[in-house]
Amino acid sequence: MQGLPKLYSFRRCPYAIRARMALLAADVGFDLIEVDLKNKPAELSRLSAKATVPVLVLADDWIIDESREIISWALSHADPEGWLDCDQDRAVKLITDCDGPFKYWLDRYKYHVGYPDASQSDYRAEALNCLHSWDTILRQQPFLMGDRRSVADLCLFPFVRQFANVDRLWFDQQTSLSALRKWLNVWLEDTLFERAMRKV
């Protein structure tokens, strides 16, 4: 393959958002291909058995189809904010908790109609367990790993944003999440996020 890497993405997908932000932060040029998840292009299935975003296509058709691997690849080229300069074991634990149990309950909270075994508020209560643990950390320091942003903050941010957007009025009223809300707003107001969310 010639030219820039190609990134198959969907603007509102949390996994794709964090991949795009990492590529932009590392100043890695890429051609963005916005995917309609309800009408996926045939080449997406050809490139990745998962047939979902994000998918990064590099030279010689080398495929990376996991957002965390795309982030690692991008930051290995350039990491101007030192996002990888942190306790990697702790960072991995936070990211794994986000991508595992939190994502599980977040999906059921957001798409509760498709999960009739419990109520939306029940699913929200389960997801709150993770959010409260992160808020506890952020009451002691501005970011999850200390005084500056890290790969853990990058990876969790799009999912916390998605949770907040399910019912923003309710979320903004939760005093038990005040530190997390402040942390979320830092990311929402960042120009890097604005660039990642631009329509193509």
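Because only heavy atoms are used, hydrogens play no part in the values below, and waters and symmetry mates are left out as well, while side chains stay in.
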Applying side chain to side chain contact (heavy atoms under 4.5 Å, CB included), run through Thr175 and Arg181 and close with a yes or a no. CA-CA 9 Å; Thr175 57; Arg181 288 203 312 273; 5.7 Å; no

In the structure I gave you, are the side-chain heavy atoms of Lys50 and Glu66 within less than 4.5 Å of one another anywhere? yes

In plain terms, say whether Asp99 and Arg18 are close enough for a salt bridge, that is, a side-chain N and a carboxylate O under 4.0 Å apart. yes

Write down the atom of Val28, the atom of Ala74, and the distance for their closest heavy-atom approach. CG2-O, 4.4 Å

Where is the tightest heavy-atom contact between Met21 and Ala196, given as atom of each residue plus distance? CG-CB, 3.6 Å

If I compare all heavy atoms of Arg139 with all of Ser176, which pair ends up nearest, and what's the gap? NH2-O, 3.4 Å

Side-chain touch Val151/Ile71, heavy atoms, less than 4.5 angstrom: yes

Check ion pair Asp172-Arg168 (N to O, under 4.0 angstrom): yes

Do the side chains of Phe163 and Trp105 get nearer than 4.5 Å, heavy atoms only? no

According to a 4.5 Å side-chain heavy-atom criterion applied to Ile, Leu, Val, Met, Phe, Trp and Tyr, with indirect links allowed, do Val160 and Val92 form part of one hydrophobic cluster? no

Would you mind reporting whether Phe171 and Val166 have side-chain heavy atoms less than 4.5 Å apart? no

If only side-chain N and O atoms count, and only distance matters, is there a donor-acceptor pair under 3.5 Å linking Ser119 with His112? no

Interatomic distance, Ile33 atom CD1 to Ser9 atom OG [nearest 0.5 angstrom]: 10.0 Å

Qualifying residue for side chain to side chain contact (heavy atoms under 4.5 Å, CB included) with Tyr109, from Asp122, Leu128, Asp167: Asp167

Value rounded to 0.5 Å, distance of CD in Gln162 from CZ in Arg12: 10.0 Å

Could you verify whether a donor N or O on one side chain and an acceptor N or O on the other, from Trp183 and Asp135, lie under 3.5 Å apart? no

Tabulate below the donor-acceptor pairs under 3.5 Å that side-chain atoms of residues 35-42 make, not counting sequence neighbours, or state none.
residue: Asp36; atom: OD1; partner: Lys38; partner atom: N; Å: 3.0
residue: Lys40; atom: NZ; partner: Ala51; partner atom: O; Å: 2.8

Between Ser76 and Trp73 (side chain of the first, backbone of the second, donor and acceptor by atom type, cut-off under 3.5 Å), is there such a pair? yes

To the nearest 0.5 Å, tell me how far Tyr8 OH sits from Asp31 CG. 10.0 Å

Gap separating the CG atom of Leu131 from the CG atom of Leu177, nearest 0.5 angstrom: 6.0 Å

So, do Glu126 and Asn129 sit near enough that their side-chain heavy atoms are less than 4.5 Å apart? yes

Hey, could you give me the CG/CE distance between Leu192 and Met197, rounded to the nearest 0.5 Å? 12.0 Å

Tyr15/Phe159 aromatic ring centres below 6.0 Å: yes

For Phe157, what residues pass the ring-ring contact (aromatic ring centres under 6.0 Å, His included) criterion, not counting sequence neighbours? Trp187, Phe193

How far apart are the C-alpha atoms of Leu44 and Thr52, what are their side-chain angles, what is the distance that settles it, and do they pass the side chain to side chain contact (heavy atoms under 4.5 Å, CB included) test? CA-CA 7 Å; Leu44 192 62; Thr52 190; 5.6 Å; no

For the pair Lys103 and Asp97, find out whether any cationic side-chain nitrogen is under 4.0 Å from an anionic carboxylate oxygen. no

Is it true that Glu34 and Arg20 make a salt bridge, defined as a side-chain N closer than 4.0 Å to a carboxylate O? yes

Atom CD1 of Ile64 and atom CD of Glu69: how far apart are they, to the nearest 0.5 Å? 7.0 Å

Step-by-step side chain to side chain contact (heavy atoms under 4.5 Å, CB included) determination, Leu58 to Ile63: CA-CA 6 Å; Leu58 303 173; Ile63 308 298; over 6 Å; no

What is the minimum heavy-atom distance between Asp153 and Leu144, and which atoms define it? OD1-N, 3.0 Å

Where Pro158 and Ile17 come nearest, the two heavy atoms and their spacing: CG-CG2, 3.9 Å

Stacked cation flag Arg148 on Trp83, 6.0 angstrom / 45 deg: no

Is the backbone of Asp190 close enough, under 3.5 Å, to the side chain of Glu194 for a donor and an acceptor to pair up by distance? no

State, with a plain yes or no, whether a side-chain heavy atom of Asp65 is found less than 4.5 Å away from one of Leu47. no

Heavy-atom closest pair, residues Ile95 and Leu156: CA-CD1, 3.9 Å

Quick check: do Arg161 and Leu184 have side-chain heavy atoms less than 4.5 Å from each other? yes

Are Val57 and Pro5 side-chain neighbours, meaning at least one heavy-atom pair lies under 4.5 Å? no

Would you say Asp60's side chain and Trp62's backbone share a donor-acceptor pair under 3.5 angstrom? no

